[in-house]
Amino acid sequence: MSKRRISRSAVANIGEKRISILTELSKDAVAEGREDLAKRYVSLAGRIGKKTRAGMPEGFRHCKKCMMPLIPGTNCTVRLTGGKVVTRCHHCGGLKRMPYIKEKRK
């Protein structure tokens, strides 16, 4: 018998669904105070994304250092400074800087 091949787009769709489930579970785990479980969910989602060439969902943010999902007001601080949005993780102190020049022009 020959193996049945699955197209790359089908694999990416399955990966995106699983990643979205894991990211929602990680947000729930942070709300419950289970930080170790939240980190595990994010790392699994990242591994699935690498294998299936699918990215994280739009709007989901996580710390690149400690893999903790970032929820403003709960475990991170968000500030606007000099044309950048600066997000600081409370767990490891990592910074994430994103420019907002396009929004500033409008």
Side-chain angles (χ1 to χ4, degrees):
M1 289 189 158
S2 64
K3 280 190 173 183
R4 198 172 87 185
R5 297 284 178 188
I6 300 175
S7 68
R8 184 170 294 194
S9 63
V11 171
N13 287 338
I14 293 169
E16 287 173 2
K17 288 177 186 175
R18 291 181 181 176
I19 289 170
S20 66
I21 291 169
L22 284 169
T23 55
E24 291 301 319
L25 286 173
S26 70
K27 289 177 186 177
D28 295 340
V30 167
E32 293 173 4
R34 302 279 316 267
E35 294 177 350
D36 55 338
L37 196 58
K39 285 182 184 181
R40 176 75 176 150
Y41 288 147
V42 173
S43 65
L44 284 174
R47 287 174 58 194
I48 290 171
K50 287 178 186 175
K51 279 199 179 252
T52 62
R53 296 183 183 178
M56 291 286 188
E58 185 103 5
F60 178 75
R61 294 181 294 183
H62 67 283
C63 181
K64 303 285 186 196
K65 284 186 176 179
C66 65
M67 301 301 283
M68 180 70 73
L70 297 175
I71 302 171
T74 303
N75 64 354
C76 74
T77 305
V78 180
R79 299 281 185 244
L80 301 175
T81 58
K84 294 184 205 95
V85 178
V86 180
T87 307
R88 177 182 292 273
C89 176
H90 289 178
H91 192 262
C92 70
L95 291 175
K96 184 175 183 178
R97 295 180 184 96
M98 295 176 54
Y100 65 95
I101 295 170
K102 292 179 184 176
E103 291 84 3
K104 216 173 179 185
R105 287 181 189 161
K106 293 180 182 179

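Of all heavy-atom pairs between T87 and C76, the closest is CG2-SG, 3.9 Å. Nearest heavy-atom pair, A12 versus A54, reported as atom, atom and distance to 0.1 Å: O-CB, 4.1 Å. Listed here is the closest heavy atom pair of H91 and C66: ND1-SG, 4.0 Å. In this structure, T23 and P57 approach most closely via the heavy-atom pair OG1-CG, 3.8 Å. Closest non-hydrogen pair, S43 versus M67, comes out as CA-CE, 4.0 Å. For the pair H62 and K96, the tightest heavy-atom approach, listed with the atom from each and the gap, is O-NZ, 4.4 Å.
One hydrophobic cluster holds both I21 and V42 under the rule that ILVMFWY side chains link at heavy-atom gaps under 4.5 Å.
Rounding to the nearest 0.5 Å places CZ of R79 at 10.0 Å from CZ of R88. Rounded to the nearest 0.5 Å, atoms CD1 (I19) and CZ (F60) are 10.5 Å apart. Here I14 contributes atom CD1 and I48 contributes atom CD1; the two are 11.0 Å apart, rounded to the nearest 0.5 Å. Atom CG of L22 and atom CE of M56 lie 8.5 Å apart (nearest 0.5 Å). Expressed to the nearest 0.5 Å, how far OH of Y41 lies from CG of D36 amounts to 9.5 Å. With values rounded to the nearest 0.5 angstrom, S26 atom OG is found 10.0 Å from L70 atom CG.
Counting only heavy atoms from C-beta outward, the side chains of P72 and R61 approach each other to under 4.5 Å.
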- Decide side-chain contact (heavy atoms from CB on, under 4.5 Å) for V30 and M68; before the verdict, give the C-alpha distance in whole Å, the side-chain angles of both, and the deciding distance to 0.1 Å. CA-CA 8 Å; V30 167; M68 180 70 73; 4.1 Å; yes
- Query: Which is it for V78 and V86 under the side-chain contact (heavy atoms from CB on, under 4.5 Å) test, yes or no, and what are the steps along the way?
  - Reply: CA-CA 6 Å; V78 180; V86 180; over 6 Å; no
- Item | Test side-chain contact (heavy atoms from CB on, under 4.5 Å) applied to T77 and H90, step by step | CA-CA 7 Å; T77 305; H90 289 178; 2.6 Å; yes
